[in-house]
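Lettering of chains follows the sequences in order, A, B, ..., and the numbering in each one begins at 1. All of these numbers come straight from a predicted model, not from anything done at the bench.
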Amino acid sequence: MTPLLQVNNIEKNYGARLGCKDVSFDLYPGEVMGIVGESGSGKSTLLNCLAGHLEPDTGEVLFNTRIEGMRDTLKMSEPERRMLARTDWAFVHQNARDGLRMGISAGGNMGERLMAVGDRHYGQIRTQATEWLEKVEISEERIDDRPSAFSGGMQQRLQIARNLITGPRLVFMDEPTGGLDVSVQARLLDLIRSLVRELGLSAIIVTHDLAVVRLLADRLMVMKSGHVVESGLTDQVLDDPQDAYTQLLVSSVLQV
Amino acid sequence: MIEIKKVSKTFTLHNQSATSINVMEGANLSVKPGQCVALTGSSGSGKSTLMRMIYGNYLTQEGEILINGVDVVQAEPREIIELRKSTLGYVSQFLRVVPRVSTLNVVAEPLLKIGVDAKVAEDRAKELLTRLRIPQNLWQLSPLTFSGGEQQRVNIARGFAHEYPAMLLDEPTASLDAKNRETVLSLIEDAKTRGAAIIGIFHDEAARDRVCDQQIDVSIFTPKAAA
């Protein structure tokens with residue numbers, strides 16, 4: 001089987017400060033990988049390098065495109081990369097406000113992505129948007145409301161709907177459940193999990209919440225000071241951590 | 001089906017001045033299809049550790065653990081994920097689920113994961129829940145609110161939903177009443193009849209004697225220095 005994403009030796013420095021270094025991994029179709037680590041460990045830097053939001057200093061991010069097979073996304077032209085970002089890729093921001101247009105309606109937020117890939121039939125766009133609202137458990141009658149009138153949890157679900165409506169194959173998520181209260185977090189986890197299974201998505205999820213990765217991720221990568229200190233099956237890394245830092249991290253979790 | 005050859009395990013505790021604990025050395029074990037092997041030994045002798053190593057939950061330092069030809073010790077994460085989906089089932093002592101998901105879905109999930117039709121999966125889940133005496137009015141609720149015994153039975157239903165060719169059972173009859181214990185034992189017998197290779201930990205001696213063909217005392221694998 002060909003990997004969907006192949007990452008080789010990514011390194012990113014902010015001047016003299018290290019962002020992340022020597023990161024390599026393969027992600028296969030249908031796999032969900034979690035990236036954990038304390039704040040400042042380089043996990044968001046890495047995610048942004050992979051998603052094309054930041055340019056790494058060295059390395060390759062190879063993506064298995066539908067038409068041309070493996071392509072280095074870092075060497076793609078800007079229009080190509082933008083096309084990829086709104087078709088096969090999706091990016092769910094920690095703060096829903098960063099991923100939504102707050103000034104246009106919920107339906108418009110979803111329609112925009114569809115129109116970007118060529119949909120022009122207003123009726124069909126609206127039907128699809130309505131279907132997705134239902135999938136993320138937002139009442140249909142809110143379709144013409146602006147996201148600014150939504151609660152934080154609803155905004156986050158709308159952001160997910162907006163991202164997944166075009167049927168991407170790879171989703172990047174930056175702390176998708178951060179800052180939400182636990183009951184909303186549980187719904188969102190359930191939603192993400194069932195969407196991943198139904199649509200056969202691959203996802204890379206950055207979080208500092210170990211309980212979230214245990215439920216969502218098949219594989220886990222632990223980062224510290226810009227380096228990957230340990231990686232493997234999620235439950236194996238959490239239950240039998242090998243690295244000193246991972247052991248500290250796992251043993252620091254509060255029991256509820 | 002399950003072949004374990006010269007397996008060793010060491011825990012290194014980096015945060016306690018890198019203490020290294022050698023917990024298992026040269027463990028060998030073989031289970032054929034239709035056979036059930038019980039792991040015995042006192043508490044702390046390494047029964048659960050060995051089981052977790054077979055499941056790929058604990059890393060193994062040395063040796064081979066072959067399940068249907070796949071070496072868990074060397075396998076890539078995705079190969080282990082695939083193995084767990086289709087070949088190797090594990091019934092742990094604790095139920096770990098996403099909050100808010102209904103009991104019916106929790107039990108049907110292993111089948112949905114391998115692409116079984118939703119209706120078929122649901123029917124199978126209903127059949128198992130009925131057999132394990134979970135009242136029908138609880139099926140739509142999350143098992144997290146259930147009693148210990150009920151959670152244990154949901155966990156068993158989930159573990160037996162898909163007919164895995166190899167199964168690991170960690171105290172499947174603990175905290176169950178006589179009737180449900182009987183049901184679980186018959187589930188195990190059914191699994192053996194269809195040719196599953198099973199490794200189990202049973203504190204319940206009568207249950208062990210009834211379903212197991214062989215018993216292995218894991219304390220013989222404990223290195224002398226640590227004992």
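- Atom NZ of A:Lys12 has more than 12 heavy atoms from other residues, nucleotides or ligands within 6.0 Å.
- A salt bridge does not link B:Lys85 to A:Asp218: none of the charged side-chain nitrogens sits closer than 4.0 Å to a carboxylate oxygen.
- Annotation for A:His208: atom NE2 does not count as buried by contact number, only 12 or fewer foreign heavy atoms lying within 6.0 Å.
- Without hydrogens or angle criteria, A:Gln247 side chain to B:Thr12 main chain gives a donor-acceptor distance under 3.5 Å.
- Contact tally against chain A (heavy-atom pairs below 4.5 Å) for B:Val101, B:Asn15, B:Ile80: the top residue is B:Asn15.
- Residue A:Glu198 does not touch chain B at all, counting heavy-atom pairs closer than 4.5 Å.
- Counting non-hydrogen atoms of other residues, nucleotides and ligands closer than 6.0 Å to CD of B:Gln93 gives a total above 12.
- Residue contact with chain B, scored on non-hydrogen atoms closer than 4.5 Å, involves the backbone of A:Asp243 exclusively.
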> What do the steps show when you test A:Gln236 against B:Leu59 for side-chain contact (heavy atoms from CB on, under 4.5 Å), and what is the final call?
Replying inline: CA-CA 7 Å; A:Gln236 180 259 301; B:Leu59 277 189; 3.2 Å; yes
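- Residue A:Leu233 holds its CG atom at 12.0 Å from CZ of B:Arg78, rounded to the nearest 0.5 Å.
- A:Asp240 and B:Lys9 are joined by a salt bridge, as a carboxylate oxygen and a charged side-chain nitrogen come within less than 4.0 angstrom of each other.
- Between the CD atom in B:Glu109 and the CZ atom in A:Arg193 there is a gap of 4.0 Å [rounded to 0.5 Å].
- A:Leu248 touches chain B through backbone and side chain together, each having a heavy atom under 4.5 Å away.
- The structure places OH of A:Tyr28 at 13.0 Å from CD of B:Glu82, a figure rounded to the nearest 0.5 Å.
- Counting heavy-atom neighbours within 6.0 Å of B:Gln215 CD, excluding the residue itself, gives a total above 12.
- For B:Gln16, no part sits under 4.5 Å from any heavy atom of chain A, backbone or side chain.
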> Checking salt bridge (charged side-chain N to carboxylate O under 4.0 Å, His left out) for the pair B:Arg96/A:Asp235: CA distance, chi angles, key distance, verdict?
Replying inline: CA-CA 12 Å; B:Arg96 190 172 254 149; A:Asp235 58 308; over 6 Å; no
